[in-house]
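Following: one structure in C-alpha cells, then a few remarks.
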Amino acid sequence: MKLATFNINGIRSRLPSLINWLDKEQPDIACLQELKAPDSAFPEAELQDAGYGAIWHGQTSWNGVAILAKGTKPTETRRGLPGGDADTHSRYIEAAVNGLLVGCLYLPNGNPQPGPKFDYKLEWFERLIAYAQTLFDSGHPVVLAGDYNVVPTDFDIYNPRSWLKDALLQTESRECYARLLEQGWTDALRKRFPEDKVFTFWDYFRRHWETNSGLRIDHLLLSASVAPALRDAGVDKWVRGEAHASDHAPTWIELKLDTRKANDEAVKNAAKSAATRSTRSPQPAKAAKTAKAAKTAKTAKSPATKSRKTPS
DNA sequence: ATGACGACGTCTCGTCGA
C-alpha cells in the first residue's frame, strides 16, 4: 500500500502534472496540500477519470487540502483541528481508507517571524500536537501526512546559513515537531534514510533545484501500529524536474498493512490454541503455561502482529 | 536588507508562499 503526500501549489495550474504523476506512480492514497482553489473549482471529474475518489477542503487563493484514494472514495472523519472554531484556513482534512486513518495537513508557513503569522503557526502546531496525542493514544493505525513547514534539524537542509531567520528553522518550530515525535510517532523518511540527506522541497529561486539545494519539510508520521508495517519510503524527485512543476516533490511510504490477513491469522491461531487446549485437557495447568510461554515468545518476535487493529 | 520564481486574483501589479 503506497501512501503519498504532495504539496501541489495550485491544483488547477498543476492538474496535468498531478494526473501524470498518479498515472505513473499509482499511489493508493494521496494527500494534497495548497490546492489554492475554492471547493467549487476542485477537479473531481478529472480525478475520477484517473481512477481516484476524493474529499477536499478548498479555499480561494490559499491553502486547501484533499485526500485521494484509488478506486474508492475516502470516508471523511474530520475537517479542521479541534479548537479551531475561529480558524478560517483550510489546513486539515482526515479520512478512513481501508481501515487506515489518514490525516492530511498543511501547517502554516509562519513567515515573517517574529510576528502574527509566526504566532499563528505555533498556535496551529499546539492544536495539532494536542489532537495527535488523542489519535496516537487511540491505538488505531494512523498516518499524519503533509507539509509541516518545519525543517526538523540542520541535517534536513542543504545549508541552513541563508535560512537562519526563516520560520521553518526556528527553535520554536523545531521544538513543536520534536514534541510531536516524542508522543511516539515515527518520521518515516528519516527512519528509512537515517544517514542520507533527503529533500522534498526546492524553491523556485536561485537555481535551487538545479543545484539540489533542498529542504525536507513534507513528512509522514506513523502511529505505533503502523510503524512496523513500513517497508519503503522515498521522494518522487522526477516530478520536481518536470516542466511547470510544483516546488515540492511527492513524498511516499510503502506499507505492508494487510489487516484482513492479520485477522485471518488471528482466527487461525485462536483455533489452533483451542485445539491444543482440548488435546491437553488432562493437564490444564501445564497446557495453559505452555500456551502463555508461546504467546510471549511470539509477541517478542513480532510486535507488529499484536498491535494491528481491526479496521472500523 | 532585498530579491530571485510562480500562482492567484483584484487582473499586467500586489500579495503570498517558503
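Letters A, B, ... are given to chains in the order of the sequence lines, protein chains preceding strands, and every chain is numbered from 1.
- Among B:dG6, B:dG9, B:dA7, the nucleotide with an atom closest to any side-chain atom of A:S13 is B:dA7.
- Distances from the side chain of A:R12 to the nucleotides B:dG6, B:dG9, B:dC16 place B:dG9 closest.
- Note on ring orientation: taking the six-membered ring where Trp is involved, the planes of A:Y177 and A:H219 are tilted (angle from 30° to 60°).
- Under the Watson-Crick and G-U wobble criteria, each requiring two contacts below 3.5 Å, nucleotide B:dA7 is paired to B:dT15.
- In this structure, A:D218 reaches neither bases nor backbone, as no heavy-atom distance under 4.0 Å exists between it and the strands shown.
- Between A:N9 atom CG and B:dG6 atom C1' the separation is 7 Å, expressed in whole Å.
- Residue A:N111 is classed as a base contact, given a heavy-atom separation below 4.0 Å to a base.
- Rounded to whole angstrom, the span from the CG atom of A:D247 across to the P atom of B:dC16 amounts to 17 Å.
- The distance from atom NE2 of A:H248 to atom C1' of B:dA7 is 13 Å, rounded to the nearest whole Å.
- A:K36 and A:N9 share a donor-acceptor pair across their side chains, judged by distance under 3.5 Å alone.
- When heavy atoms are screened at a 4.0 angstrom cut-off, A:K117 is found touching the sugar-phosphate backbone but no base atom.
- The P atoms of B:dG3 and B:dG14 are separated by 12 Å, rounded to the nearest whole Å.
- To the nearest whole angstrom, the two C1' atoms, one in B:dG6 and one in B:dA1, are 23 Å apart.
- Between the OG1 atom of A:T153 and the CZ atom of A:R216 there is a distance of 7.0 Å, given to the nearest 0.5 Å.
- A:R207 has no side-chain polar atom (N or O) that falls below the 4.0 Å cut-off from OP1 or OP2 of B:dG3.
- A salt bridge links A:E126 and A:R179; the closest N-O separation between the charged side-chain nitrogens and carboxylate oxygens is under 4.0 Å.
- Within 4.0 Å of A:N149, counting heavy atoms only, lie sugar-phosphate atoms of the nucleic acid but no base atom.
- The phosphate of B:dA7 (OP1 or OP2) has a side-chain N or O of A:R14 nearer than 4.0 angstrom.
- Protein atom CZ of A:R206 is 14 Å distant from nucleotide atom P of B:dG6, rounded to whole Å.
- OP1 and OP2 of B:dG9 both lie 4.0 Å or more from every side-chain N or O belonging to A:K36.
- Counting non-hydrogen atoms under 4.0 angstrom, A:Y106 reaches the backbone sugars and phosphates but no base.
- Taking 4.0 Å as the cut-off between side-chain N and carboxylate O, A:D156 and A:R174 do not count as a salt-bridged pair.
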